[in-house]
Amino acid sequence: MTETDHDCLVIGGGPAGLTAAIYLARFHLSLKVVDAGKSRASLIPCSHNHAGFPDGISGKELIARMTEQAQIYGAAIVTGRVTRIEAVEGGFRAEWGQGSVTARSVLLATGVTNRRPPMDEELHDEALARGLIRYCPICDGYEVTDKKVGVIGSGGRGVAEAAFLRSFTADVTLIAPDRAHDLDQADQAKLREFGIETVDGPCHAVAAHEDCIVVDTADGHFTFDSVYPALGSDTHIELAVQLGAALTDGVLIVDSHQRTSIPGLYAAGDVVLGLDQISHAMGEGGVAATTIRNDLAIQRPMLR
C-alpha cells in the first residue's frame, strides 16, 4: 500500500468534524482537519438546548472548546477551504489554498449554508446576534414563547415552519419572500386551522431596533420580536461530487455507520440528511470516527 501523509483527513471544523477529530486523535490515528471557518454553529449567539450548558453557550465558544480539546490529543487543525479532492493510490489527495495532503480516508463534515432573507448584510448579522433573526425553531423556539413572530417563506416549507412555531406562540405571520402567496388548498386550510396570518411579498427587513425587527412588505410595514427565514439551505456537496459519491435530494447518502458510496469516504453532520442539530452532528461524528478506525484496522492492524 502506498504511504499517505495521514490516516484521515477531516474536512470541516464544525461540531461533527471536531467530534470526529477528538475521537480519531484518541484512537492514536494521524489526522489533519482543514476548516474554512464557516461553521454554521459559530453563528449561534447562544444555544440553550445543548446538553450540559444550562446557562447556554455561544456557538463560537463551543467550537473553540472543541478545537482546543482536539488539539490537546494531537489533532492538526489548519484554516483553509479544500477546493479539490481526488482518489489516489492508497487513499485520497486534497488541495486547498495553502497546500495539499494525502490521507487513507476522508471525512466530509462540510455542512450547509442557510439562504438569507433579502436584507442588508450588516443589518442581518446584527439582528442575528441579538436574536431578532433566528434560523432554527427546534433550537430556540422556546425563546419566542408568546412573542410576535414572522416567518419568511412560501409553499409547504414556509407553512410547515409557521405551523411548528405555532406551538410556542399564537402570534405567527407567514410572509412571502418575493411575490404574493400561492398556496394550495391543504396549506391554506392548515394556516386557517392554526390561526396563522399571511402577508404578501416582496419583503425586505429594513430596521433592527433594541427589541424588535421591522419588515417592509407589499402590504406595509410589520414589526416582530423575531423573524425566521424558511428559505432552505445549500448543502456543501461539491467535494463529494468530485469523487462521484451518491446523492439524494442534494445531500450525501451514507449507511448507518456514515460510510458514503465511495470506499474510504465518510460523511457526518448537516452534509447528510439529518436533524440539523449540534447534538445530532456530534453523534454522527463519533460514529464516523469509530467506523474509520475499525475500517482502517481491517486494512492494517493497529498495534502499539
Side-chain angles (χ1 to χ4, degrees), residues 3-82 91-92 94 96-111 236 239 257-258 264-272 274 277-297 299-304:
E3 289 297 321
T4 56
D5 299 325
H6 297 284
D7 292 310
C8 185
L9 169 66
V10 178
I11 304 177
L18 290 173
T19 298
I22 293 167
Y23 276 57
L24 291 165
R26 286 173 54 82
F27 289 146
H28 294 297
L29 293 179
S30 169
L31 75 141
K32 184 180 287 291
V33 179
V34 181
D35 176 42
K38 301 290 186 179
S39 171
R40 187 166 56 156
S42 67
L43 300 175
I44 299 172
C46 188
S47 174
H48 291 277
N49 73 334
H50 187 54
F53 297 95
D55 296 323
I57 184 169
S58 73
K60 286 184 178 179
E61 182 179 355
L62 180 64
I63 294 298
R65 289 189 181 195
M66 294 179 72
T67 298
E68 180 182 8
Q69 186 173 352
Q71 290 173 326
I72 286 173
Y73 293 105
I77 302 176
V78 299
T79 300
R81 188 174 75 87
V82 175
F92 303 88
W96 64 96
Q98 301 302 315
S100 67
V101 68
T102 58
R104 296 170 64 194
S105 62
V106 171
L107 172 62
L108 293 179
T110 45
H236 301 158
L239 298 176
H257 296 279
Q258 307 305 131
L265 179 68
Y266 306 79
D270 297 341
V271 74
V272 303
Q277 292 287 292
I278 291 173
S279 58
H280 191 260
M282 291 172 71
E284 289 187 343
V287 171
T290 305
T291 305
I292 291 168
R293 184 263 175 220
N294 290 338
D295 287 351
L296 292 181
Q299 302 170 17
R300 184 187 306 164
M302 295 178 181
L303 304 175
R304 293 188 66 80

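The first residue of the sequence shown is numbered 1, and numbering continues consecutively from there.
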If you measure from [atom1] on [X] to [atom2] on [Y], what distance do you get to the nearest 0.5 Å?
| X | Y | atom1 | atom2 | answer |
| --- | --- | --- | --- | --- |
| Leu18 | Arg65 | CG | CZ | 14.0 Å |
| Ser279 | Glu284 | OG | CD | 10.0 Å |
| Ser105 | Arg293 | OG | CZ | 12.5 Å |
| Tyr23 | Met282 | OH | CE | 8.0 Å |
| Thr4 | Arg104 | OG1 | CZ | 6.5 Å |
| Asp270 | Gln277 | CG | CD | 9.0 Å |

Side-chain touch [X]/[Y], heavy atoms, less than 4.5 angstrom:
| X | Y | answer |
| --- | --- | --- |
| Ser30 | Leu24 | no |
| Ile278 | His50 | yes |
| His257 | Asp295 | no |
| Ser39 | Pro15 | yes |
| His236 | Lys38 | no |

For this session: Given side-chain contact (heavy atoms from CB on, under 4.5 Å), test Leu29 with Met302 step by step and report yes or no.
Result: CA-CA 9 Å; Leu29 293 179; Met302 295 178 181; 3.3 Å; yes
Of the non-hydrogen atoms in [X] and [Y], which two are nearest, and what is the gap between them?
| X | Y | answer |
| --- | --- | --- |
| Ala16 | Ala109 | CB-CB, 4.2 Å |
| Arg81 | Ala36 | CB-CB, 3.9 Å |
| Ala70 | Ala25 | O-CB, 4.4 Å |
| Ala267 | Val272 | CB-CG1, 3.6 Å |
| Leu107 | Cys8 | N-SG, 4.2 Å |
| Val82 | Ala94 | CG1-CB, 4.0 Å |

Problem set entry | Derivation of the side-chain contact (heavy atoms from CB on, under 4.5 Å) call for Phe92 and Leu9 | CA-CA 9 Å; Phe92 303 88; Leu9 169 66; over 6 Å; no
Exercise. With respect to Leu62, which candidate in Thr67, Ile57, Ile44 satisfies the side-chain contact (heavy atoms from CB on, under 4.5 Å) definition?
Worked result: Ile57
Problem set entry | Salt bridge present between Asp5 and Lys32 (N-O < 4.0 angstrom) | no
Exercise. Stepwise, does the side-chain contact (heavy atoms from CB on, under 4.5 Å) test hold for Ile292 with Phe27?
Worked result: CA-CA 10 Å; Ile292 291 168; Phe27 289 146; over 6 Å; no
For this session: May I have the step-by-step check of side-chain contact (heavy atoms from CB on, under 4.5 Å) for Ser47 and Phe53, ending in yes or no?
Result: CA-CA 8 Å; Ser47 174; Phe53 297 95; over 6 Å; no
